[in-house]
2 protein chains.
Amino acid sequence: MFDKDITMREVAKMAGVSIATVSKYLDGIKVKDINKERIEKSIETLGYRRNEIARGLKTRKSYTIGVLVPSFKHVFFMEIISSLEDYLQARGYSAIICSYKESPEEEDKKLSFIANKMVDGIIVASTGKNNDKIEKISRQIPTVLIDRLPEGMELDSVSIDNFKAGYEAAKILIEKGHTNIGLISAAEVADTLRKRHEGFIQALKDNNIKINEKKIGYSNLNFSEAMTASQKILSEKDRPTALVVANYDMTIGAIMAINKLGLQIPEDISIVGFDNLELSKIIKPELTIIEQPVKVIGETAGRLILERAKKDPRTEIKHEVIQFNIHNGFSVKQLK
Amino acid sequence: MFDKDITMREVAKMAGVSIATVSKYLDGIKVKDINKERIEKSIETLGYRRNEIARGLKTRKSYTIGVLVPSFKHVFFMEIISSLEDYLQARGYSAIICSYKESPEEEDKKLSFIANKMVDGIIVASTGKNNDKIEKISRQIPTVLIDRLPEGMELDSVSIDNFKAGYEAAKILIEKGHTNIGLISAAEVADTLRKRHEGFIQALKDNNIKINEKKIGYSNLNFSEAMTASQKILSEKDRPTALVVANYDMTIGAIMAINKLGLQIPEDISIVGFDNLELSKIIKPELTIIEQPVKVIGETAGRLILERAKKDPRTEIKHEVIQFNIHNGFSVKQLK
DNA sequence: TTGAAAGCGCTAACAT
DNA sequence: ATGTTAGCGCTTTCAA
C-alpha cells in the first residue's frame, strides 16, 4: 500500500538528535552545524514533510484563508480569486477555495467545512441566506464579505456600488436617446443584482421613462435562462431598442438570443453588459460594459482579512467600495 | 478579541458527560437519551463546531481532496473543477483548490502545501517540471494526473488524445481545401499543447502540405501573446487562409488580432479553435472548435482518485482517454 | 452505555 | 545549543 508518513520523530532518531531540535531547525533557529547537516540529510533520505495540520493544532495558526464563492463558472469570481491568491501568497498565506454552486444549503455546509478546517480567515460571497451562521462564525474567525453584501451584516466588505452601476448602465442608454429599455436581471438570486436592478429603475424614473414590467426579464444568473428571458422580451411586438444585462453570464445569454432572432447589434438592439473586458472586445461589435476592477477587489479582500485578524471583530468595520469603470464599445446606437 | 473556540471538553463539561461520550454522540453512536439531549443543548448554546483538523490528526482521514490547476483564469479548468467538486461532494468529500499560475516554482510550493495538509488525495494538472516531487508524493498520497501528462509518470491519468485533437483540427481545414494553414500554439508550456502541435504537423505531412515555420506562432497560453503572434502571422504577405488555435484563451487572442486587422471570418481567414462551446456560439460567426468534455473529465478524475485511495499506488495504473467532440460552426470557409 | 487514558505529530516552555 | 515534557482537540481501545 502507500508508504506511511515520515514523522519528525523518525527524522530526529536518524539524525541522532531530539525531536525538539528538528523542530527548531525547521523554524530556522540556530542548531549546531553538524546537527544541521545530519537533520538535512535525514529529511532528504526519509522524504520527510512537516505535517502542517499537527503543527497548526498546536500553534493555532494555519496561514490559510478559506474562500467561498458562488460558483467556479463565473469568470468574475475566478478573476477575483486569482488576484486574491496573489496577494495572500506574497504575504505567506495560502487560500483554499470552495464553491457552493449558488445553493444556500450548500453554502451552509461549505461554511462549516471551511470554519472547521481552522483557517485563519474566511472570505465569502454569500447568498445572504445564511447570515446567522456567518455572524456566528465571524465572532471566532475573521470574516470578510465580498461582492454580495447581505443586509445588516456588520462585517468588513468589498464591493462596487451596485445601485450606481445599474443606474449608470441605464443612463448610458438614456443619454443616447433610448426610452424603450429592457433589463435582464436576477434580482432574486443576489443582492448585487437586486441593487443593479433598483439603480436601473431609478435611472428610468429620474428621466420620466415609464417602467414596463414586461420588459424586465428574470433569470438565475446563468446564460441559458438569460437567453430564454431575452428571447421573450425581444419577441414582444413593442420590442425595446436597448437592453441592460446585469452580469456577464447573462450578457452571453442575451447575445445568444439576439443572434438567434437574427437581430443586429446595435442597429436593431443596443446593449450594455457587465464585466469581462477581454471578452467584450472580441464580441462583434465590441461591447459597452460596466467593468468591475476584479484585481482591486481581490487585493482589497486580501488586505482586509489580514488586517482583521489583528483586531477585535466588532470594531472599525470597513466597507470598501471600489469604483467601477465604464468601457465604451460599439454596442449602443445613438437614437433620434 | 475574537471568541475562543469551543472544544469538546467544554461541551462535555456542560452536558455533564465525558468527552468520549460527546465524541460518540457526534459519530452517531448510541448514547442515553437524556445525555443525547443535554449534549445537543450544550452544542447549541455554546456554538460548538467539531475541529476537523484535530480529528483528522487522529483518524488519518480528512475527506478532502487537494486539486492543483495551472490557473484560475482558464475556463477549461474551472469547468473541470466544477464537475469534479460535484462528484466528490456526492460521495462525502470536499475539495481544496489551488493554482500555481503557470509557474513551476509555484507548483512545487503548492504541491507541498497540499500534501502537508493531510489530504486524502491529490489531483494535479502539472507543468511537468516537478515530476520527482509528484512521484515522491504519490507514494504517500493517492495522486491522479489530469489534462497535462508529464512523460514517463506512471500514475492514474485523465485526458483527451491531444495528438489526435491537433490532427483532427488540421484535418477539418484540409478537407475544406485549405493548404496554407497557420498554427497558434504554446508547445513550450504544456505537453498538451505540444501534442496538439505534433498532431497538427502530422496532418499536414500526411496530406503533403509543406510545413512553414513562419506560419507557426508561439505564445504562452494567454490571449495577449496569442494576439501578438497571430497578428504577426496574419500580416505576412503570404497570409494563411486558415488558422488552428490550440486552446481557448489563445483562440480569443487570435480573434482579437483578426478583428484588429480588419479581416473577416471566414471570408478572409478560417479558424478552428479549442474548447468553450458556449462561447463559441456567441462569437460571430459561430466557431468551429474541438470541444473537450469537461464534465466527463472532472468526474473521471474524481472516480480515479477515490478508487486509488483503496489500492496500492503501483498497481493497475489507469490512463483514461476521454473522447473529444468536434463542433462545427461557420468559421471555416470551403475553398475552391 | 460510559469514562479514563494513551496518543495522533507537532510546538514551546523550561531546564540543562 | 539541546532535550524533556506537557498538551493542542480529538478518537479509540479497554475496563467498568
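The sequence lines fix the lettering, A, B, ..., with proteins before strands; numbering per chain opens at 1. It should be emphasised that the depicted structure is a prediction, and the values quoted were computed from it without experimental measurement.
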Next on the checklist: Strictly by salt bridge (charged side-chain N to carboxylate O under 4.0 Å, His left out), give each pair with a member in residues 114-126 of chain A just once, sequence neighbours left out.
Outcome noted: Lys61(A)-Asp120(A)

Checklist entry - What are the two closest non-hydrogen atoms of Ser42(B) and Met14(B), and how far apart are they? => result OG-CG, 3.5 Å

Checklist entry - If you measure from the Lys or Arg side-chain nitrogens to the Asp or Glu carboxylate oxygens, is any gap between Glu10(A) and Lys4(A) under 4.0 Å? => result yes

Checklist outcome for this item: Arg60(A) atom CZ is separated from dA12(C) atom P, nearest whole Å, by 12 Å

Item to check | Nearest-angstrom distance from the residue atom CD1 of Ile43(A) to P of dC10(C) | outcome: 10 Å

Next on the checklist: Measure CG/Leu57(A) against C1'/dA6(D) and give the value in whole Å, please.
Outcome noted: 14 Å

Next on the checklist: Check this for me: Lys13(B), atom NZ, are more than 12 non-hydrogen atoms of other residues, nucleotides or ligands nearer than 6.0 Å?
Outcome noted: no

Checklist entry - Is there a residue in residues 30-41 of chain B whose heavy atoms reach under 4.0 Å of DNA chain C, and which residues are they? => result Lys30(B), Val31(B), Lys32(B), Asn35(B)

Checklist entry - To 10°, what angle do the rotation axes through the five end pairs on each side of the helix from dT1(C)-dA16(D) to dT16(C)-dA1(D) form? => result 40°

Item to check | Geometric cation-pi criterion Arg50(A) and Tyr48(A), 6.0 Å radius, 45° cone | outcome: no

Could you list all N or O pairs between the protein and nucleotides 10-12 of chain D that sit under 3.5 Å apart?
residue : atom : partner  : partner atom : Å
dC10(D) : OP1  : Tyr48(B) : OH           : 2.5
dC10(D) : OP1  : Asn51(B) : N            : 3.1
dC10(D) : OP2  : Met8(B)  : N            : 2.5
dT11(D) : OP1  : Arg50(B) : NE           : 3.1
dT11(D) : OP1  : Arg50(B) : NH2          : 2.9
dT11(D) : OP1  : Arg55(B) : NH1          : 2.6
dT11(D) : OP2  : Ser23(B) : OG           : 2.7

Checklist entry - Who passes salt bridge (charged side-chain N to carboxylate O under 4.0 Å, His left out) against Glu85(A), sequence neighbours left out? => result Lys101(B), Lys110(B)

Next on the checklist: Salt bridge or not between Glu106(B) and Lys129(B)? Use side-chain N to carboxylate O under 4.0 Å.
Outcome noted: no

Next on the checklist: For Lys295(A), I'd like to know if atom NZ has over 12 heavy atoms of other residues, nucleotides or ligands within 6.0 Å.
Outcome noted: no

Checklist entry - Between dG9(C) atom P and Gln140(B) atom CD, what is the distance in whole Å? => result 12 Å

Checklist entry - Sequence neighbours excluded, which residues qualify as salt bridge (charged side-chain N to carboxylate O under 4.0 Å, His left out) partners of Asp147(A)? => result none

Item to check | Short side-chain N/O contact to dG3(D) OP1/OP2 from Thr21(A), under 4.0 Å | outcome: yes

Item to check | salt_bridge(Arg303(B), Glu307(B)) N-O dist < 4.0 Å | outcome: yes

Checklist outcome for this item: Tyr25(A) atom OH is separated from dA12(C) atom P, nearest whole Å, by 18 Å

Checklist entry - With no hydrogens and no angle check, do the side chains of Glu105(A) and Tyr100(A) hold a donor and an acceptor under 3.5 Å apart? => result no

